[in-house]
Amino acid sequence: MFEHLQDQPADKILALMSAYRADPRNGKIDLGVGVYKNAEGKTPVMRAIKAAERRLVEEQETKSYTGLAGDPAFAAAMGALVLGDAVARDRVAAIATPGGTGAVRMGFEVARMANPDVTVRVSAPTWPNHNSILKFMKLPFKEYRYFDEATGGVDFDGMLQDLAGAKAGDLVLLHGCCHNPTGANLTPDQIDEVIAVMDGRGLVPMVDIAYQGFGDGLDADAAVTRRLATAFDNCLIAASCSKNFGVYRERTGILMAVSADAAEAGTTQQTLDYLNRQTYSFPPDHGARCVTMILTDPALRADWEAELEEVRTGMLALRQQLADELRQRTNSDRFDFVARHRGMFSRLGLSPDQVESLRADHAIYMVGDSRINIAGLNRDTVPVLAKAIAQVLGA
Ligand code: LMR
């Protein structure tokens with residue numbers, strides 16, 4: 001039977017990871033996959049995670065199954081982290097999932113079960129795997145305008161126009177913060193306008209929040225998600241712990257589904273449990289248990305927040321340094337948006353040929369659409385990147 005299989009299109013982010021690893025050049029710079037790296041280029045296990053793991057080894061008495069939804073304490077802790085007190089707890093159904101990607105997939109699944117005619121509205125551009133999963137699921141999707149290449153900001157009028165043309169019941173996928181791949185984000189006032197248009201059209205929000213704490217801080221980064229969850233009867237939220245807890249390979253995420261009331265939440269919860277059961281039975285627990293321990297233990301939490309804050313402010317400093325270097329090297333303000341963007345990524349607006357010559361001539365790896373991972377830089381490599389960009393631009 002396998003003779004009928006066909007090669008699948010390569011995931012461009014993962015293909016770039018392999019190409020970087022295979023490159024023998026000294027001084028190569030990896031600005032590809034969205035993994036945090038410190039100034040030494042390492043992705044360390046966060047201190048609080050190490051402490052939680054040690055405690056787990058000592059104290060955990062069983063590895064028997066959790067519930068289908070995962071540990072309820074994880075759902076409570078993540079609900080508080082992401083939603084704060086924006087919605088009543090009894091309106092929120094939730095399942096632990098293998099990473100944020102698992103939550104995204106389950107979110108699409110439950111949306112289709114609830115509305116077989118749903119079309120998913122995704123930002124242009126969005127994380128490529130959003131579109132890839134939707135294609136695989138044969139779930140119709142359409143893009144709404146989002147990124148303005150000319151300014152490096154949000155094409156807000158285009159976005160509102162496209163959302164106003166969506167059909168009632170469509171699911172609008174929004175990034176909670178730190179838009180991937182562009183780095184350009186909506187302001188709080190803009191999100192209110194988006195809500196008004198969506199409400200007028202009868203659209204349903206789904207938020208992918210994978211970088212809480214990487215932009216403007218834990219609460220500020222949750223503001224868009226909280227506003228959306230408050231404004232609508234129904235809202236799906238896919239949250240990832242991969243980045244802000246640094247537990248990438250532990251596959252730790254959660255799907256939350258805000259329902260109109262407690263009764264509806266009961267049925268939604270059963271549906272989510274069912275979806276987990278059909279897909280992988282019980283979700284992974286190790287990462288989720290460590291995250292729960294950190295969020296509920298004041299000392300561990302304080303240490304985690306402090307380390308996360310170092311990560312966040314470190315990336316902001318690199319952004320400012322890069323914007324300054326580029327201003328000087330290119331003698332223009334073309335790249336000033338780099339300092340205004342938030343999160344791990346910025347889309348620089350270079351052509352595919354320019355991206356390719358950065359790779360071929362300078363051993364600098366970025367995604368083909370010119371997305372860079374700011375955390376792949378350090379104080380010493382920022383000038384190297386800026387000089388190389390100026391060179392490929394002929395500036
Ligand atoms: C990214 O966008 O680079 C990350 O979210 C990692 C991934 O899985 O693509």
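All ligand and atom numbering here is 1-based and tracks the order in the structure. Keep in mind the model is a prediction, meaning the values are calculated, not measured.
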Which residue and atom name correspond to the protein heavy atom nearest atom 6 (C) of ligand 1, and how close is it? Val33 CG2, 3.8 Å

Compare every heavy atom of Ser123 with every heavy atom of Glu143, then report the nearest pair and how far apart it is. OE2-O, 4.4 Å

Atom 9 (O) of ligand 1 - nearest protein heavy atom and its distance: Trp127 NE1, 3.0 Å

With no hydrogens and no angle check, just 3.5 Å: does a side-chain donor-acceptor pair link Asp324 and Gln320? yes

Assess, by modelled atom type and distance only, whether the side chains of Thr126 and His175 contain a donor and an acceptor separated by less than 3.5 Å. yes

Atoms of ligand 1, numbered as shown, that sit under 4.0 Å from any heavy atom of Tyr211: 4 (C), 5 (O)

Identify whether the distance between the nearest side-chain nitrogen and carboxylate oxygen of Glu149 and Arg347 falls below 4.0 Å. yes

Evaluate the side-chain proximity of Asp170 to Lys142: yes if any heavy-atom separation is below 4.5 Å, no if none is. no

What atoms in ligand 1 come closer than 4.0 Å to a heavy atom of Arg371? 1 (C), 2 (O), 3 (O)

Gly34-ligand 1 polar pair, N/O distance under 3.5 Å: yes

Check ion pair Glu356-Arg359 (N to O, under 4.0 angstrom): yes

Which of the atoms of ligand 1 are close to Lys243, meaning less than 4.0 Å from one of its heavy atoms? 4 (C), 5 (O)

At a 4.0 Å cut-off, with the gap strictly under it, does some heavy atom of Asn180 reach an atom of ligand 1? yes

